[in-house]
2 protein chains.
Amino acid sequence: MASPRPTSELPDDSATDRARRPGGRSAAVRRRVLDAALAQLVQHGYDSLSIDVVAERSGVHRTTVYRRWRDVGGLLADVLHEASVDAWRPPDTGSLEGDLVEVNQEVHGALTGDPVTVALIAASFRSGQAATALRAFWTDRYDRCTDIVRRAVDRGEIPAGIDARRLLIAATAPLYHELVLLRSAPDPRLPEQVARSAATAARAGAYG
Amino acid sequence: MASPRPTSELPDDSATDRARRPGGRSAAVRRRVLDAALAQLVQHGYDSLSIDVVAERSGVHRTTVYRRWRDVGGLLADVLHEASVDAWRPPDTGSLEGDLVEVNQEVHGALTGDPVTVALIAASFRSGQAATALRAFWTDRYDRCTDIVRRAVDRGEIPAGIDARRLLIAATAPLYHELVLLRSAPDPRLPEQVARSAATAARAGAYG
DNA sequence: ATGCTATCGCTACATGTGTAGTTTTAGTGA
DNA sequence: TCACTAAAACTACACATGTAGCGATAGCAT
C-alpha cells in the first residue's frame, strides 16, 4: 500500500530531522518498529500501544524508540505517513452526490475498520506530532477533494461561488461527529444519508 | 451556575455508587477536589491535570482522590456534572435559523472559551467515565433541541417528517470538526455560516 | 582495510500512575 | 456523651513513562 519511493527522494525519515546516515541498520530499525506498532495496534488496540510494548515486540531497545519517535503519537504519525497512498485521487462518479457518497463510505470505512485512523485521532489529543500529522493528512485530502466541487460546478449541478471546503466539511463532519465524538453504533446508511443531505444543501445554494 | 440542590435529593455524589455518609467531611472533600481540579484546568490547562496535582492542590490525599474518582476523566465528568445547568433550555428566537445560530454560538463559545468542554473531549479518549459523561451530556442536549425542530415544523418553515437529530447534528458537527479535530483557528462567523447552511438544507427537504 | 562518527544498546535514574492494606478521624445515632 | 463505622489519611508497593550518559556497533568515505 505504501507508495514506492523514487530513487531521488525528499529528506524524509519523517520522524527525525533528516537522515544523515540512512543506511541499512537505521532503515531496518524503522521497519521493525513500525511493523511492530501496526501489528500491536491491529491485534490489541490503541490502549495497548505503548513505546515499551512496541520496543519489546520489535526487538529494538526502548531508548532507541523513545529517541526516534518520542511518544506513541510520533509512532502513529509515522505509521500513517507510510501507509497513506500519495496517489490517492478523489472519486469521479459523474455526480456530486455520487462522489460525496463514495468519499463518505471511505471515511466510514476508516472510522469503523481501520485502527490507525481512530488511534491517530485519539493520540492527537496527547501528542503534538500526532495532531500535526492528522491535520496535514486532512488538509491534503480536503484539498484534493476540491476537484469534486469544481466538476459539479462545471456540470451545472450547483451554483458557482460555493466554498468547496465548507461543503466538503458539511458532507463529512457528521460522520466524524457520530462515530468519533458521540461514538454511536455504526450505521451503514449513514454515509449515504449525510452525503445526500450535503448535496441537497449545495444545490439549494448553501455553502455560498 | 450549579443547580440548587433540593433537600430531598437523588443519591447523587455522582462519582461514587451512593453516599452512605454524606456528612460534612465527604462533602468538603468533594468540594475542595473539584474546585482544585477546575482551578488547575483553567490556570494550567488539560495537560497539567493529573490526580496528583489535584490532590496536592486540594490538600486531599492522593489515594482518596483515586478511590473516589479513579482517573482524570472521572474528575472532569464530575466537574461537568456539577457545572451543567439542568434547567438549560434551547433558544426560541422565532425562526429555525435564529435558533440554530444561537445554539452554534453557544457551542463555539464552549469550544473556544470553556476549558472543561475541550478537556472532557480529550479525556473521553482515555477514560470510560469521561466518554460516558460526555455522551450523556450531548444526548441530553440534542434531545432538548428537538423542540427547535418541532417548532420550525409547526411554523411551516420546514417540511414535516424531518429527522431532528440528523438536522441538529448537521448544524453543529462542522463546528466540532473544525475546532476539535482540525483545530482550525476560531472564526467568529463560523457558527452563523454553518447554522444558515443547515437551515437552508432543511428548507430544501434534506434530513428527511 | 581502516578511521570517523551517527546511531544503537545498555545502565541507571527520576517521575508519574495506580493499588492494597492498615490506621486514624470524625459523622451519626443511641 | 459515647460506641459504631464510613470514609479519609497514611504507608508501601508495583509498574509505566520518560531521560541522561556512556560504551559498542556498524554505515560510510577515503
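Numbers restart at 1 for each chain; the letters A, B, ... are given by sequence-line order, proteins then strands.
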Report the C-alpha separation of A:Ser48 and A:Gln40 in whole Å, then their side-chain angles, then the decisive distance to 0.1 Å, and conclude whether the side chain to side chain donor-acceptor pair (under 3.5 Å) test is met.
CA-CA 7 Å; A:Ser48 81; A:Gln40 178 69 23; 2.8 Å; yes
Check against side chain to side chain donor-acceptor pair (under 3.5 Å), A:Asp143 and A:Thr146:
CA-CA 5 Å; A:Asp143 279 351; A:Thr146 301; 5.0 Å; no
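Side chain to side chain, B:Tyr142 and B:Thr172 meet the donor-acceptor criterion of an N or O pair below 3.5 Å.
Whole-Å rounding puts the A:His61 NE2 to D:dT19 P distance at 15 Å. Computed from coordinates, the B:Trp69 CH2 to D:dA7 C1' distance equals 12 Å when rounded to whole Å. The distance from atom CZ of B:Arg30 to atom P of D:dA8 is 12 Å, rounded to the nearest whole Å. Put simply, CD on A:Glu56 is 13 Å from P on D:dT17, counting in whole angstrom units. Separating the CG atom of B:Asp47 from the P atom of D:dG18 is a distance of 12 Å, rounded to the nearest angstrom.
With a 6.0 Å cutoff to the six-membered ring centre and a 45° limit on the axis angle, B:Arg141 counts as a cation-pi contact of B:Trp88.
Going from atom CD1 of A:Ile169 over to atom SG of A:Cys145 covers 11.0 Å, rounded to the nearest 0.5 Å.
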All N/O contacts under 3.5 Å from nucleotides 16-25 of chain C to the protein, with atom names and distances to one decimal?
| unit_1 | atom_1 | unit_2 | atom_2 | d |
| --- | --- | --- | --- | --- |
| C:dG18 | N7 | B:Arg62 | NH2 | 2.9 |
| C:dT25 | O2 | B:Arg25 | NH2 | 3.0 |

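Side-chain contact check for A:Glu178 versus A:Arg183: every heavy-atom pair is 4.5 Å or farther apart.
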